[in-house]
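A short write-up of the structure that comes next.
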Number of protein chains: 2
Amino acid sequence: MDSEAIKKCLEGSGLRCTPQRYAVMAFLIEHRGHPTAAEIFEGVNRVDPGCSRATTYNNLRDLVEAGLVREVAVEGRAARFDAKGTRHHHFICDRCGNVEDVEWYDVPGPASKSLGKRILRQSEVIFRGLCAKCAPRYATGSAGL
Amino acid sequence: MDSEAIKKCLEGSGLRCTPQRYAVMAFLIEHRGHPTAAEIFEGVNRVDPGCSRATTYNNLRDLVEAGLVREVAVEGRAARFDAKGTRHHHFICDRCGNVEDVEWYDVPGPASKSLGKRILRQSEVIFRGLCAKCAPRYATGSAGL
DNA sequence: TAATACTTTAGATTAAATCTAATCTGAGGC
DNA sequence: GCCTCAGATTAGATTTAATCTAAAGTATTA
Ligand SMILES: [Mn+2]
Ligand SMILES: [Mn+2]
Ligand SMILES: [Zn+2]
Ligand SMILES: [Zn+2]
């Protein structure tokens, strides 16, 4: 995605394209490994030392609210962020906490009676287990190390 | 679930049935609304003022590791806990963050090719949207208030 | 009983995220 | 071009959630 496209994308969602906001969005598009806010701050701040922590967090909030970025909460760890590209599900590693993309497929919704008066916006599947890096260490005891 | 059953349940998972651990488990069984650790601490501590914060957190961790309790991470809020009874999915409210149970149904797994070398332990569906309490306020603008 | 492993405790500490209030910027009106 | 002001940014303080520490207590086993 080129810089003009990122600008369009921000403005299309009613967000001003400030240098800091652009940098946060560009970082997320370039780093698809679900970085934490702290990692994003560090990455953006290294390039533009004048981008503060508060601004990074503010912009992440704005981007999530605008629907351009997804926030993934992980038990016992910092939240991770994900520029929404193509739809996909997530695999979360029990051991290292890494979040990985899983090819999207349609999820059957709940029975409307079990949904009641709730308004459904989205269904997503979270897969859990061991990532490719962590699996061997367990599958073969600790011999894999 | 009576006190003897809770004791069995703990010991069956290799956990000593201490008064504090029992109290945490009993609280979760009695309060099915997905309380936070702080709420559990407060509830348990009110009955047994000698149960400390660290012990509440330690025991929650032990219970989660033993597979008796589920931890639910919610974006931007404290984690919530859930004594595992019958299998179910979760609905998380965009507005108030409440976690509600949704009747369980089988989820089709991902294509094995998109799973790769990962080891899958569990698939769960997270539904998102507005809970029954929050839905009216939005469905009708703010007139619902 | 003695040894050992497990558990609890109060309070300190860390980590994540948010808040504050002063300052800065730029799009739109003149 | 200048003005204005809503929106954006900043450094640092603060809050909140969770974990750590080290000492003391309690159960299990030898
Ligand atoms: Mn993703
Ligand atoms: Mn539940
Ligand atoms: Zn892993
Ligand atoms: Zn709600």
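Chain letters run A, B, ... following the sequence lines, proteins first, then strands; residues in each count from 1. Predicted, not measured: the structure shown is a model, and the values here were computed from it.
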Nearest-angstrom distance from the residue atom CD of B:E11 to P of C:dT7:
11 Å

Which comes earlier along DNA chain D counting from the 5' end, the contact point of B:P19 or that of B:R61, where each point is its nearest nucleotide?
B:R61

What is the separation between atom CG on B:D62 and atom C1' on C:dA5, rounded to the nearest whole Å?
14 Å

Tell me: CG of B:L63 to P of C:dC6, nearest whole Å?
17 Å

Is it true that a side-chain atom of B:R32 and a backbone atom of B:A83 form a donor plus acceptor pair closer than 3.5 Å?
yes

Roughly, in whole Å, what's the span from CG in B:N59 to C1' in D:dT19?
15 Å

Do the ring planes of B:H88 and B:H90 sit parallel (below 30°), tilted (30 to 60°) or perpendicular (above 60°)?
perpendicular

So which nucleotide from C:dA10, C:dC19, D:dT19 ends up closest to the side chain of A:A54?
C:dC19

Which residue lies more 5' along DNA chain D, comparing B:A78 with A:S52 via nearest heavy atoms:
A:S52

Would you kindly give the CG-to-C1' distance between A:L60 and C:dC19, to the nearest whole Å?
17 Å

Considering only D:dT9, C:dC6, D:dA6, which nucleotide approaches the side chain of B:R16 most closely?
C:dC6

Of all the choices, C:dA17, D:dT9, D:dA17, which nucleotide is nearest to the side chain of B:Y57 once you look at every atom?
D:dA17

Between B:N59 and B:T55 (side chain of the first, backbone of the second, donor and acceptor by atom type, cut-off under 3.5 Å), is there such a pair?
yes

Reckon A:N58 has a side-chain N or O less than 4.0 Å from the OP1 or OP2 of C:dA17?
no

Which distance, rounded to the nearest 0.5 Å, do you find between the CD of A:E71 and the CG of A:D82?
11.0 Å

Would you kindly give the CZ-to-P distance between A:R21 and C:dC24, to the nearest whole Å?
20 Å

Testing C:dT18, D:dT19, C:dT8 for proximity to the side chain of A:R53, the answer is C:dT18

Check the distance between C:dA16's P and A:E75's CD and give it to me in whole angstrom.
16 Å

What contact category does B:A38 fall into here, base, sugar-phosphate, or nothing, at under 4.0 angstrom with non-hydrogen atoms?
nothing

With a non-hydrogen cut-off below 4.0 angstrom, is A:T18 in contact with a base, only sugar-phosphate, or nothing?
sugar-phosphate

Could you check how far CG of B:L15 sits from C1' of D:dT26, rounded to whole Å?
16 Å

Can you confirm if the NZ or CZ of B:R118 lies within 45° of the ring axis of A:F91 and under 6.0 Å from the centre of its six-membered ring?
yes

